[in-house]
Amino acid sequence: MDESGTTKAAVASDGSGSDKNEVQRYNPAEIEPRWQAKWDAQPNLYAAEPHTSGKPKFYCLEMLPYPSGQLHMGHVRNYAIGDALARFMRMRGYNVLHPMGWDAFGLPAENAALKNNTPPREWTLKNIAQMKVQMQRIGYSYDWAGTEIATCLPEYYRWNQWFFLKMVERGLAYRRSSKVNWCPQCATVLANEQVIGGCCWRHEDQIVEQRELEQWFLRITKYADELLDGLDTMPGWPEKVRTMQRNWIGRSEGAEVEFRVTAMANTPAITVFTTRVDTIFGATSIQLAPEHALVKEWVKTDAQLASAVDAMIAEQKVARETGDIGNIEKHGVATGKTAINPFNGETLPIWVANYILADYGTGAIMSVPAHDERDFEFAQKYGLAVKRVVAPNVDTDKLALPYGEEDDAVLIDSGEWTGEAVLEAQERMARFAEEHGFGKKTTTYRLKDWGVSRQRYWGTPIPMVYCTNGHAAGAGHEGVKAGGVVALPESALPVLLPEQIEITQEGGSPLGKVPEFVNTTCPVCGGPARRETDTMDTFVDSSWYFYRYTDARNSTAPFDSEKANYWFPIDQYIGGVEHAILHLIYSRFWTKVMRDLGLIANSEPAERLFTQGMVIKDGAKMSKSKGNVVSPDLMIEKYGADATRMYALFAAPPDRDLEWQEEGVAGISRFLARVYRLVGKYAPNVQYIEHGMHADEIAPEQFAGQTAAGAALLRTLHQTIAKITEDFNGRWHFNTCIAAIMILVNEIYAAEAAMDSGEVSSATIAELLRTLTLLLVPFAPFIAAELWKDLGETTDVFQQPWPVADKELARESEIEIPVQVNGKLATVIKLAADTDEAALEVAIKAASLADEKVAARLIGKTIVKHLVINKPSGKLVNLVVK
RNA sequence: GCGGGAGUGGUGAAAUGGCAGACACGCAGGUCUUAGAAGCCUGUGCCCGAAAGGCGUAGGGGUUCAAGUCCCCUCUCCCGCACCA
């Protein structure tokens with residue numbers, strides 16, 4: 001090994017006599033396809049080891065895409081984040097599961113069929129093939145062969161059907177008539193979660209209509225409490241997402257109280273829901289929603305009421321359309337009827353009011369104007385009584401109506417409850433109502449059961465039939481009512497989606513027009529039966545796909561429990577925040593159901609969730625309508641896949657929105673070219689190529705007698721390793737990781753002369769370039785593979801262990817100490833790092849006073865304090881002077 | 001209205017309470033070239049200036065030896081929820 005002598009002139013060492021200008025230029029268009037072809041030929045390159053391997057596991061998951069046929073920058077970014085992490089964890093020795101698949105059912109396939117006359121299946125599979133090529137071009141390290149799934153294939157969707165049957169058995173799936181959200185454009189039903197501000201989530205300008213339909217529902221409300229309480233045990237999820245889910249579930253504890261309608265013996269009592277039963281003595285009217293059942297009854301005999309109610313409903317519809325719902329003026333109409341307050345026997349007028357929601361609570365409230373803002377506003381308008389029943393603990397003269405109050409406020413004018421504290425009264429009054437049979441403590445939720453029926457073709461067929469002979473369901477099928485609804489046996493699965501089908505724009509389920517599909521036999525009696533023609537919401541597909549990944553080729557079960565239990569929970573889930581409610585709450589529900597079925601041991605699907613920011617351009621989210629879409633293909637063509645994905649990590653920290661600037665991609669490409677040139681220049685000269693020596697054989701003591709230049713480079717190198725390693729384990733600021741690599745490369749360039757003259761040893765150069773290459777793996781795998789090869793390695797760079805930072809080598813030889821005077825920087829002094837700790841403070845004080853810039857600021861002042869501050873990050877001096 | 005996030009150069013951004021603006025883009029000047037491109041070098045928060053200096057993290061106040069960072073108030077922008085009784 002040549003430690004002492006001058007390093008041979010780098011450029012000439014290959015004997016070719018080449019000079020600088022002939023060093024090959026970085027050409028990703030040549031490098032990347034070459035490596036990609038090599039990788040694609042190895043289907044198990046990124047396969048995880050079996051669950052029995054005994055290695056620590058790491059399940060790295062990104063949300064699966066809808067196969068639109070075009071990868072967009074949001075995908076590129078999302079998957080670049082996940083891929084960096086997966087590659088890092090592999091190099092750290094983890095058994096990494098990094099799967100990918102396709103959320104392949106859904107309406108666009110049917111729209112495309114209408115437009116292009118292409119069957120949905122064909123269109124979808126073509127898109128998948130197209131997007132897969134795009135993703136492979138970018139070099140993501142997915143285990144395609146072992147995990148790839150497409151939810152539109154029977155191998156997958158049969159398990160949707162299987163789960164559905166399990167849920168039917170357990171009463172978790174049921175059928176009932178219900179008012180549903182109907183999007184005329186989709187010609188199908190939407191779940192509550194898919195209605196955004198009264199409009200369809202897919203058609204932002206389309207008002208959602210209400211229709212009465214027979215629908216299948218999944219009983220997610222059974223898990224409402226667990227879904228809510230579980231959020232408190234999920235510190236690895238963003239607070240934002242947990243808050244959104246909490247609000248969505250909307251648990252509200254209160255009481256129901258029945259108010260009898262005066263002099264109407266046959267009319268059922270009005271049940272109101274309230275969270276403030278303690279204010280019931282302050283109730284001065286009853287308010288019903290326009291759609292309340294009693295109102296529907298009364299309008300039959302009261303034309304005036306009928307027109308007022310109709311106007312209210314019409315007004316709400318308009319308000320919804322214009323987006324003004326929520327701030328339309330409160331108004332109402334008196335019904336002329338009255339009800340009795342069961343607590344004090346008072347007679348209260350019954351009104352119908354436009355601010356009462358039919359689908360929350362009971363659709364009826366007791367109005368307490370003194371203590372509720374909305375009721376107060378309403379009462380003011382119509383001159384209804386305002387009766388205060390809670391005394392605030394502060395000077396009441398200064399309070400404006402309606403009165404809010406503190407928790408320790410007490411009741412006044414409330415009969416036998418007068419003087420009781422608010423919270424105590426709530427408990428006791430609810431119990432009193434229950435004991436006397438006119439109320440109870442109750443909890444309501446904003447969350448509703450999940451309607452999963454869709455009147456569409458391109459989805460999972462619901463595995464139920466309607467027996468013409470009117471069979472009731474078999475024993476144990478408690479979710480199925482009599483009337484001929486029969487669950488298919490498991491042996492009848494999968495219920496295949498017919499492929500020859502005509503898609504038309506007419507409403508109703510397209511499957512209903514396929515007699516071969518519809519007409520079947522009853523599994524119980526063998527008589528004629530009709531199949532369910534609705535298909536499942538596509539959110540069913542994505543509710544459990546990540547379990548399938550652990551055993552994607554299983555043909556006898558959705559997955560093997562042992563495998564799932566090894567891999568779950570997902571260690572890191574990465575995706576867009578737009579799925580904070582829909583997908584992520586359904587997934588949590590499905591996990592709990594699977595746990596209760598005994599399939600898995602975990603109760604939550606993912607340990608940690610990361611929501612990346614949007615990719616924007618010219619200040620707006622990329623979208624076709626805005627015409628600001630940047631094509632990943634074009635970027636790859638111009639700058640290479642490495643530069644494109646690396647820019648996606650460099651331009652902003654992953655959780656923030658990212659403004660796409662093409663000049664930035666060009667900048668990254670230039671940086672990679674610099675790295676390429678550097679390695680190209682020194683690779684032929686790297687010692688271990690000639691001597692077959694590897695860096696791990698270079699003992700640290702060989703760096704001990706380093707020249708200052710070599711030591712400085714190694715110091716930066718190890719600081720860089722430490723910085724990146726720490727970031728992967730913590731805050732994920734990959735932008736600063738890449739910046740750190742740039743600093744390292746800049747520094748190596750600055751030391752070029754020292755490297756050429758032999759001042760920096762060949763062993764050091766080898767260590768620098770090898771390690772630099774390894775550090776690039778998570779961010780730019782193509783160039784990393786190429787450089788590794790150029791450095792003479794024949795091993796797979798992705799299987800190399802991640803470099804370990806050496807604290808000794810990373811330590812500064814000289815410490816810089818900022819000196820402040822009254823907190824403002826005066827100068828920076830330098831001291832040798834090996835100064836004895838005991839003497840250091842004295843030395844620092846002396847040095848700081850000796851500095852002329854400091855002295856200049858001390859003229860005419862007195863030193864009050866001379867502080868030397870010790871921090872892990874370094875030392876600092878502050879002179880407090882007067 | 002409620003909840004969450006953010007506000008730092010021309011731009012994207014950096015900064016465990018301790019040197020504000022790392023790294024990059026852009027721009028300017030230089031070098032190389034017949035010329036250009038690429039590369040390389042230098043400069044680049046603002047103000048005045050030859051220099052020394054002064055001012056600067058939306059605005060105002062506070063805590064601290066020390067505040068972009070912590071606390072209080074105000075303003076602006078983005079996201080989510082929105083008459084939830």
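So that the names make sense, note that chain A is the first sequence line, chain B the second, and so on, each numbered from 1.
- Looking at A:Glu427 and A:Lys441, a side-chain N of the basic residue comes within less than 4.0 Å of a carboxylate O on the acidic one, giving a salt bridge.
- Using atom C1' as the reference point in both B:rA66 and B:rC75, the two lie 28 Å apart (nearest Å).
- In this entry B:rA35 has no Watson-Crick or G-U wobble partner, no candidate having both defining distances under 3.5 Å.
- As judged by a 4.0 angstrom heavy-atom cut-off over every strand, A:Val828 is placed among the base-contacting residues.
- B:rC46 and B:rC41 are spaced 26 Å apart, taking the C1' atom of each and rounding to whole Å.
- For a distance-only test at 3.5 Å, the side chain of A:Gln820 qualifies as a donor-acceptor partner of the base of B:rG18.
- Close to B:rC81, at under 4.0 Å from its OP1 or OP2, lies no side-chain N or O of A:Thr243.
- With P as the reference atom, B:rA24 and B:rC65 are 39 Å apart, rounded to whole Å.
- Comparing B:rG26 with B:rC73, their C1' atoms are spaced 39 Å from each other, to the whole Å.
- Each of A:Glu377, A:Glu315, A:Glu373 was scored for a salt bridge (Lys or Arg N to Asp or Glu O under 4.0 Å) with A:Lys330, with one residue passing: A:Glu377.
- B:rG9: glycosidic angle within 90° of 0, hence syn.
- Residue A:Arg670 has a polar side-chain atom (N or O) positioned under 4.0 Å from OP1 or OP2 of B:rC25.
- Between A:Tyr647 and A:Asp642, the side chains place no donor N or O within less than 3.5 Å of an acceptor N or O (distance only, hydrogens not considered).
- Residue A:Arg246 places none of its side-chain N or O atoms closer than 4.0 Å to OP1 or OP2 of B:rG80.
- Checked by distance alone, A:Lys330 brings a side-chain donor or acceptor within 3.5 Å of a matching partner on the base of B:rC83.
- The A:Leu876 side chain lies nearest to B:rG18 when the options are B:rA20, B:rC81, B:rG18.
- Of the side-chain N and O atoms in A:Arg674, none sit less than 4.0 angstrom from OP1 or OP2 of B:rC23.
- Residue A:Asn878 is in base contact, counting any heavy-atom pair closer than 4.0 Å across all strands shown.
- In this structure, A:Asn735 reaches the sugar-phosphate backbone alone: every heavy-atom distance under 4.0 Å involves primed, P, OP1 or OP2 atoms, never a base.
- At B:rA14, one or more side-chain N or O atoms of A:Arg656 fall inside 4.0 Å of OP1 or OP2 (strictly under the cut-off).
- When the side-chain nitrogen and oxygen atoms of A:Asn870 are compared with OP1 and OP2 of B:rG18, none of them lie within a distance under 4.0 Å.
- The pair A:Lys681-A:Asp756 meets the salt-bridge criterion, with a side-chain N (NZ, NE, NH1 or NH2) lying under 4.0 Å from an Asp/Glu carboxylate O.
- Within the 4.0 Å cut-off from OP1 or OP2 of B:rC40, not a single side-chain nitrogen or oxygen of A:Tyr749 is found.
- Which of B:rC23, B:rA85, B:rC79 sits closest to the side chain of A:Lys240 comes down to B:rC79.
- In this structure, A:Lys824 reaches the B:rC55 phosphate: one of its side-chain N or O atoms is under 4.0 Å from OP1 or OP2.
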